[in-house]
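Source: prediction; values computed, not measured.
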Amino acid sequence: MLRVTLKALALACLIALPVHAADTPNTLTDAERGQGFKLLFDGKTLDGWHSFQQKGTGKDWSVADGAIRLDRDLKAPDADFADLVSNAEYENFDLKLEWKMTACADAGVMFNVSEAPKYKYTWQTGPEMQIADLVCTKPDSYTLYERAGDLFDLISSDIENVRENGNWNQIEIIVDHGHMQFFQNGHKTVDTQLWTPEWKALVAKTKFAKMPDFAKFTRGHISLQGGEDKGKPPIQIWFRSIRIKDLG
């Protein structure tokens, strides 16, 4: 009888324990708080974000079910789906977030983006971690350097580990004094050093060679891409649990 009672007590205590923050979207674990991570999205509003070169946010961006959602209207003016950018700028950082999308959609997460008036697009300055539906996005899902987890047009991941559309993916971008690392669903997909002679030679072989300020800034905005028109309508992309740590 005593053995049963202790077992029941232990089970009751386990049930009473709070859900770990890692299992709750848009929250920080105790460990993350201790490490200095901060939330860039509160789960309820678009506070802290605006559309590129705009004061507010475009009409295609909203918050739904605890996530930033893009409803891409193919007939809308560019301002409605312009890439979302953080109000703050970052230099050395560890960025983590989750994303999912509808079938065949395609987007990216950029960083070190300059919002100087002379730039019309985020990708003129910001390197991009590609996010895309592997199954049917054309041509990206069939093209090395343009799949989810890749450094777009520059470095390709050694594996394809993106989850089927409609499922959440976890990504991490670390930039520490030029040392750049990408992780997707726990696997490192990119590891390189920015601004070295080797990096410059790599960029020179791509379309970015025609953009004199691409990847030249050591500090800039984080950007969630909204400008791609790929996918089967309705095109939707969600972002949540966006958190960042300043690496100093």
Side-chain angles (χ1 to χ4, degrees), residues 40-41 46 48-58 60-61 68 70 78-97 99 106-132 140 145-146 148-156 171-182 189-230 237 239 242 244-248:
L40 286 186
F41 170 54
L46 289 173
W49 297 86
H50 63 277
S51 292
F52 186 67
Q53 300 291 15
Q54 299 180 40
K55 292 183 178 180
T57 55
D60 287 359
W61 292 99
I68 295 175
L70 172 71
D78 291 354
D80 285 3
F81 54 81
D83 296 354
L84 211 61
V85 295
S86 62
N87 291 351
E89 294 184 332
Y90 301 92
E91 187 168 5
N92 302 303
F93 60 86
D94 185 346
L95 173 71
K96 299 180 181 181
L97 61 84
W99 65 269
D106 177 355
V109 178
M110 282 163 279
F111 54 93
N112 290 358
V113 170
S114 172
E115 210 169 8
K118 67 178 180 177
Y119 303 119
K120 187 177 180 180
Y121 302 106
T122 54
W123 42 261
Q124 288 177 286
T125 57
E128 173 187 345
M129 182 177 187
Q130 176 83 346
I131 62 173
D140 288 8
Y145 312 103
E146 298 180 2
D150 291 352
L151 173 60
F152 182 77
D153 207 32
L154 291 161
I155 299 176
S156 184
I171 64 171
E172 181 176 12
I173 299 173
I174 301 175
V175 180
D176 189 1
H177 296 84
H179 183 201
M180 180 177 65
Q181 301 174 81
F182 290 175
T189 62
V190 172
D191 190 334
T192 193
Q193 190 73 28
L194 297 168
W195 312 309
T196 63
E198 293 78 12
W199 168 261
K200 294 176 182 177
L202 182 64
V203 172
K205 298 177 182 178
T206 71
K207 66 180 182 181
F208 297 117
K210 298 179 181 179
M211 304 175 194
D213 294 332
F214 173 75
K216 293 292 180 64
F217 295 95
T218 60
R219 180 182 181 87
H221 301 275
I222 305 296
S223 177
L224 309 178
Q225 191 176 44
E228 294 285 1
D229 61 0
K230 299 169 186 174
I237 304 172
F239 301 91
I242 309 171
I244 196 165
K245 174 184 178 181
D246 185 354
L247 299 180

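The NZ atom of Lys96 lies 12.5 Å from the CD1 atom of Ile171; values are rounded to the nearest 0.5 Å. Atom OG of residue Ser86 and atom CD1 of residue Ile244 lie 7.0 Å apart, to the nearest 0.5 angstrom. Residue Thr189 holds its OG1 atom at 9.5 Å from CD1 of Ile155, rounded to the nearest 0.5 Å. The distance from atom CZ of Phe81 to atom CG of Leu70, rounded to the nearest 0.5 Å, is 9.0 Å. Taking CG from Asp153 and CG from Leu202, the interatomic distance works out to 9.0 Å, rounded to the nearest 0.5 Å. Atom NE2 in His221 sits 11.0 Å away from atom OG1 in Thr122 (nearest 0.5 Å).
At least one donor-acceptor pair under 3.5 Å links the side chain of Trp195 to the backbone N or O of Ala215. At distances below 3.5 Å, at least one donor-acceptor pair connects side-chain atoms of Ser223 with backbone N or O atoms of Leu84. At least one donor-acceptor pair under 3.5 Å links the side chain of Gln193 to the backbone N or O of His177. Although no hydrogens or angles enter the test, the distance criterion places no donor-acceptor pair under 3.5 Å between the side chain of His50 and the main chain of Lys55. Panel note: side chain Glu89, backbone Asn112; no donor-acceptor pair is recorded below 3.5 Å.
Partners of Phe239 under the ring-ring contact (aromatic ring centres under 6.0 Å, His included) rule, at least two apart in sequence or in another chain, do not exist in this structure.
Among all heavy-atom pairs drawn from Gln54 and Glu115, the shortest one is N-OE2, 4.3 Å. The minimum heavy-atom distance between Leu247 and Val175, with the atom names listed, is CD1-O, 4.0 Å. Minimum interatomic distance between Gly108 and Ile131 (heavy atoms only, all atoms of both residues): N-CG1, 3.6 Å. Closest approach of Thr125 and Ser114 over heavy atoms only: OG1-N, 3.0 Å. Across Trp49 and Ile68, no two heavy atoms sit closer than the pair NE1-CD1, 4.4 Å. Nearest approach of Gly248 to Asn92, heavy atoms of both residues: O-ND2, 2.7 Å.
Within the 4.5 Å cutoff, side-chain heavy atoms of Leu154 are placed close to those of Trp199. With a 4.5 Å cut-off on side-chain heavy atoms, Phe52 and Val113 count as touching. Side-chain atoms of Leu97 and Leu40, non-hydrogen and from C-beta on, never get closer than 4.5 Å to each other. Between Asp94 and Glu172 there is a side-chain heavy-atom pair separated by less than 4.5 Å.
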Review point. Could you go step by step and tell me if Phe152 and Met110 meet the side chain to side chain contact (heavy atoms under 4.5 Å, CB included) rule?
Key: CA-CA 10 Å; Phe152 182 77; Met110 282 163 279; over 6 Å; no
Review point. Step by step, would you call Leu46 with Trp61 a side chain to side chain contact (heavy atoms under 4.5 Å, CB included)?
Key: CA-CA 9 Å; Leu46 289 173; Trp61 292 99; 4.3 Å; yes
Review point. Can you list the steps and then say if Ile222 with Phe93 is a side chain to side chain contact (heavy atoms under 4.5 Å, CB included)?
Key: CA-CA 10 Å; Ile222 305 296; Phe93 60 86; 4.1 Å; yes
Exercise for review: Assess whether side chain to side chain contact (heavy atoms under 4.5 Å, CB included) is satisfied between Ile174 and His179, documenting all intermediate values.
Suggested key: CA-CA 8 Å; Ile174 301 175; His179 183 201; over 6 Å; no
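Aromatic ring pairs are classed by plane angle as parallel below 30°, tilted from 30° to 60° and perpendicular above 60°; the pair Phe214 and Phe208 is parallel. Note on ring orientation: taking the six-membered ring where Trp is involved, the planes of Tyr121 and Trp123 are parallel (angle under 30°, cut-offs 30° and 60°).
A 6.0 Å sphere centred on OH of Tyr119 holds more than 12 heavy atoms belonging to other residues, nucleotides or ligands.
If you check the side chains of Gln130 and Asp106, you find a donor sitting under 3.5 Å from an acceptor.
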